[in-house]
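Following: one structure in structure tokens, then a few remarks.
As the structure is a computational prediction, the values presented were derived from the model and not from experiment. Numbering of ligands and ligand atoms starts at 1, following listing order.
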Amino acid sequence: MELKEFKARRSDLMQMVGEGSIVIIPAAPERKRNRDVYHRYRQDSDFFYLTGFVEPEAVLVLVPGREHGEVIMFCREKDPLKETWDGKRVGLEAICDLYAIDDSFPINDIDDILPGIIEGRDKLYCTMGIDSDFDKKVMNWINHIRENSRKGVHPPHEIVSLENILHEMRLYKSPFEIKMMKRAAKLSAQAHIRAMQICKPGMMEYELDAEIVHHFMKNGATYAYPSIVGGGENGCILHYIENNTPLKDGDLVLIDAGAEYDHYAGDISRTFPVNGKFSAEQKAVYEVVLEAQLQAINAAQPNNNWNQPHEVVVRTITQGLIDLGILDGAVDDQIERAGYQQFFMHRTGHWLGMDVHDVGDYKVNGEWRMLEKGMALTIEPGIYISPSKSVDEKWWNIGIRIEDDVIITSKGNEVITKDAPKTIEEIEKVMA
Ligand code: GLY
Ligand code: MN
Ligand code: MN
């Protein structure tokens, strides 16, 4: 763990909110699956970003200028009996050394202790609307202070959303974060190669999914989101995750799968023929998507704005669909009336980081934001021709998306998922 980096993030944040403020950030709640069984725990990204601490039932409080310590953690106490059942806990003492916390308190005492720390602070920063139970707690702490106002104490005058400041910080990835993202990207690429290599007509979609998850878990990672494995028509359903259909000879299969490594996500889509050989029609559409993707990657540069890669994709895909006779008329006309949206209905990408659809604004003061060094994004154009479309039957069931992960550098960009085969030649060779 990069303790120095977590400390630096906290002091940067404290400097930005200023003395007289208080910041409160809870760990993710545990989520029940059914009865007494819980989903595998995953720490909240904001909380992890500032602490590196992975236990549930914890609250980080930053109090810039507080004499007895600016960094406070409420967490679970050591408890040998509970630890026998549910696993080890760091506890109040060790957390101060291991995570550079100034002052720690039992999470069960938070209602008694925290109002006393909040009172007298002018501004309270927190994320609102993510965990309604936690929002209620914040209001209870504030009301508790209000009830004592005749003693001369006052609650904060302002409750401010923390998202703006914190998510702006998370948008720019540090060298350490980029290292984690490259690891996630590499594992994701390897998993796609494995899927290409074992794929055979007659297999179930979930067999490819299993191969992918196997690779992630065998390497100490997990999946950043449920994999999409869609053969033929299913490849034209954008959020298809049932993955329970046999893969047919002659169809394409679209896989969108990414590893999460130490809380950082990879996000790759590849599309390949179930039998290892592209048909003429599949090849033709694939080349359009690939050309759009390569051009968009080229446009993902500092001094270009967020929307430029998307504009490049819209133009290339529209021109490509006209050339294939799937759309008609003139390019500018088709772009203006968004004719391409029947076949390409999503945007070209999103920020990538701890969350697969990572935080950060796409517009600043109403304008598309400029791309800058350290930003990480996906480039993922696609063409999806489901059988209901009024196009020649020979194009039906061709669903193609090609998605890579890109880090903006000072001079251009780095594609961190380039290990995953992408050209027709590369894919047919890996599958041979
Ligand atoms: N895997 C989700 C996405 O590509 O946006
Ligand atoms: Mn994506
Ligand atoms: Mn994806």
Side-chain angles (χ1 to χ4, degrees), residues 42 45 170-171 173 181-182 184-196 205-206 208-209 211-213 215-216 221-231 234-243 252-261 263-272 286 289-290 292-294 296-297 299-300 306-307 309-310 312-314 317 341 343-360 362 371 375-384 399-408 413-422 427:
R42 202 289 192 167
S45 296
R170 279 178 53 192
L171 180 57
K173 274 67 182 177
M181 291 188 71
K182 284 186 173 172
K186 202 167 195 64
L187 290 174
S188 308
Q190 288 167 348
H192 278 264
I193 294 174
R194 287 182 70 122
M196 288 176 192
E205 291 164 341
Y206 54 67
L208 299 187
D209 192 356
E211 194 68 21
I212 288 162
V213 177
H215 189 71
F216 293 165
T222 178
Y223 37 87
Y225 54 90
S227 308
I228 294 169
V229 182
N234 295 335
C236 301
I237 302 170
L238 296 179
H239 293 156
Y240 176 78
I241 52 170
E242 286 91 345
N243 303 348
L252 291 172
V253 55
L254 186 159
I255 299 186
D256 183 344
E260 180 177 288
Y261 185 78
H263 298 80
Y264 286 86
D267 184 7
I268 299 182
S269 301
R270 287 293 185 265
T271 310
F272 54 89
Y286 194 93
V289 180
L290 182 59
Q293 207 242 7
L294 294 174
I297 289 173
W306 163 260
N307 204 44
H310 184 65
V312 165
V313 162
V314 164
I317 282 182
Q341 277 182 3
F343 306 104
F344 170 51
M345 51 295 268
H346 54 77
R347 291 201 45 97
T348 293
H350 49 81
W351 301 130
L352 181 71
M354 303 183 76
D355 300 334
V356 63
H357 295 165
D358 207 33
V359 294
Y362 292 96
L371 296 172
M375 292 175 173
L377 59 145
T378 65
I379 300 282
E380 49 178 307
I383 293 179
Y384 314 92
I400 295 170
R401 178 164 61 256
I402 308 174
E403 174 174 31
D404 279 306
D405 303 345
V406 176
I407 310 257
I408 306 294
N413 67 51
E414 185 179 356
V415 179
I416 60 173
T417 43
K418 58 177 172 296
D419 292 351
K422 186 158 79 171
I427 290 173

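- Nearest heavy atoms, H346 versus E380: CE1-O, 3.0 Å.
- By the side chain to side chain contact (heavy atoms under 4.5 Å, CB included) test, V213 is found to be paired with D209, M217, Y223, residues two or more places apart in sequence or in another chain being considered.
- Inter-residue side-chain proximity for K422 and L294 is flagged as met; some heavy-atom pair is nearer than 4.5 Å.
- No more than 12 heavy-atom neighbours from other residues, nucleotides or ligands sit within 6.0 angstrom of OH on Y206.
- For the salt bridge (Lys or Arg N to Asp or Glu O under 4.0 Å) test, no residue two or more places apart in sequence or in another chain qualifies with D405.
- The aromatic rings of W306 and Y362 lie tilted to each other, with the angle between the two planes from 30° to 60°.
- Contact shell of ligand 1 (protein heavy atoms, cutoff 4.0 Å): Y225, D256, D267, H350, H357, E380, E403.
- H215 has its side chain within reach of L187: a pair of non-hydrogen atoms, C-beta onward, lies under 4.5 Å apart.
- Between the side chains of S45 and D355, a donor-acceptor pair is found at a separation under 3.5 Å.
- With waters left out, the protein N, O or S atoms under 2.8 Å from the Mn ion (ligand 2) add up to 4.
- A heavy-atom distance below 4.5 Å is not found between the side chains of L171 and V359.
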